[in-house]
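First listed ligand is number 1; within each ligand, the first listed atom is number 1.
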Amino acid sequence: MECVQLWAGERGVRIEPYGLDIPPELAALARSRLPQWAERIWVGNAIDWVPPQRFDFVRTGLEYVPRRRQPDLVRWLLDEVVAPGGRLIIGSGSEEKDQTRPGPSLEEEVAAWGFGIAGSLRRPHYHDARLEYRVFWIEA
Ligand SMILES: C[S@@+](CC[C@H](N)C(=O)[O-])C[C@H]1O[C@@H](n2cnc3c(N)ncnc32)[C@H](O)[C@@H]1O
């Protein structure tokens with residue numbers, strides 16, 4: 001939460017971050033480090049968490065749930081967590097490049113589930129030339 005606010009601020013964008021995590025201990029640690037945001041750090045499982053409010057930008061990883069539940073996670077977040085007109089951002093972390101990866105990219109998999117990909121970004125991995133950092137998004 002701190003980093004994303006800092007990085008956005010460096011680019012002239014002001015954001016108000018909110019956080020969700022599964023282990024209560026981790027949320028408690030975050031609240032103790034960031035008391036000014038204690039009320040906006042929640043405990044829950046992203047696949048069925050009912051938020052107290054909707055959010056304009058929601059970032060998730062798909063590895064947070066078993067593979068067979070990943071389409072359900074995307075559907076839930078779009079239907080229940082992202083605000084109308086908002087954006088679900090899926091950060092796949094680092095992925096093997098298209099040229100050497102044997103199967104589809106995560107973005108292609110999500111598109112094959114029937115979700116429209118509105119945009120994507122990629123950039124070289126810092127340490128491994130075979131990989132790249134990738135992120136893509138879906139508009140709610
Ligand atoms: C890469 S870490 C990010 C940690 C922290 N939010 C940060 O930005 O530094 C991913 C976090 O997602 C949490 N997580 C994994 N599966 C989850 C789920 N189904 N629902 C909510 N949080 C989950 C993990 O416990 C872990 O802390």
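- For the pair Thr60/Ile90, a side-chain contact is recorded, criterion being any heavy-atom separation below 4.5 Å from C-beta on.
- In this structure, the side chains of Glu132 and His125 stay at 4.5 Å or more apart for every pair of heavy atoms.
- Within a 4.0 Å radius of atom 27 (O) of ligand 1, the protein contributes at least one heavy atom.
- In terms of protein heavy-atom proximity, atom 10 (C) of ligand 1 is closest to Tyr64 OH, 3.5 Å.
- Counting atoms of ligand 1 from 1 in the listed order, those under 4.0 Å from a heavy atom of Leu26 are 27 (O).
- When only non-hydrogen protein atoms are considered, atom 13 (C) of ligand 1 lies nearest to Asp21 OD1, 3.1 Å.
- Residues Trp42 and Pro52 form a side-chain contact, since some pair of their non-hydrogen atoms from C-beta on lies under 4.5 Å apart.
- Nearest heavy atoms, Ile15 versus Gln5: O-NE2, 3.1 Å.
- Between Asp48 and Arg69 there is no salt bridge, since none of the side-chain N atoms of the basic residue sits less than 4.0 Å from a carboxylate O of the acidic one.
- At the shortest separation from atom 19 (N) of ligand 1 among protein heavy atoms lies Asn45 OD1, 2.8 Å.
- For atom 17 (C) of ligand 1, a protein heavy-atom neighbour is found at a distance under 4.0 Å.
- For atom 23 (C) of ligand 1, the closest non-hydrogen atom on the protein side is Ile22 CG1, 3.9 Å.
- Nearest protein heavy-atom neighbour of atom 20 (N) of ligand 1: Ala46 N, 2.9 Å.
- Of the protein's heavy atoms, none falls inside 4.0 Å of atom 7 (C) of ligand 1.
- The protein does not reach atom 4 (C) of ligand 1 closely, with no heavy atom under 4.0 angstrom from it.
- Checked by distance only, ligand 1 and Met1 stay at 3.5 Å or farther apart across all their nitrogen or oxygen atoms.
- We find that Glu109 and Arg67 are joined by a salt bridge, their nearest charged nitrogen and carboxylate oxygen being less than 4.0 Å apart.
- Note: Trp49 and Phe55 have parallel aromatic rings, judged against thresholds of 30 and 60 degrees for the angle between ring planes.
- Distances below 4.0 Å separate heavy atoms of Gly44 from the following atoms of ligand 1: 20 (N), 21 (C).
- The proximity of Ile47 to ligand 1, defined as any non-hydrogen pair under 4.0 Å, does not occur for either the backbone or the side chain.
- Shortest non-hydrogen contact noted between Leu131 and Lys97 is O-CE, 3.8 Å.
- Considering only heavy atoms from C-beta on, Val43 stays 4.5 Å or farther from Ile22 through its side chain.
- Only the side chain of Pro23 comes within 4.0 Å of ligand 1, counting heavy atoms alone; its backbone N, CA, C and O stay farther away.
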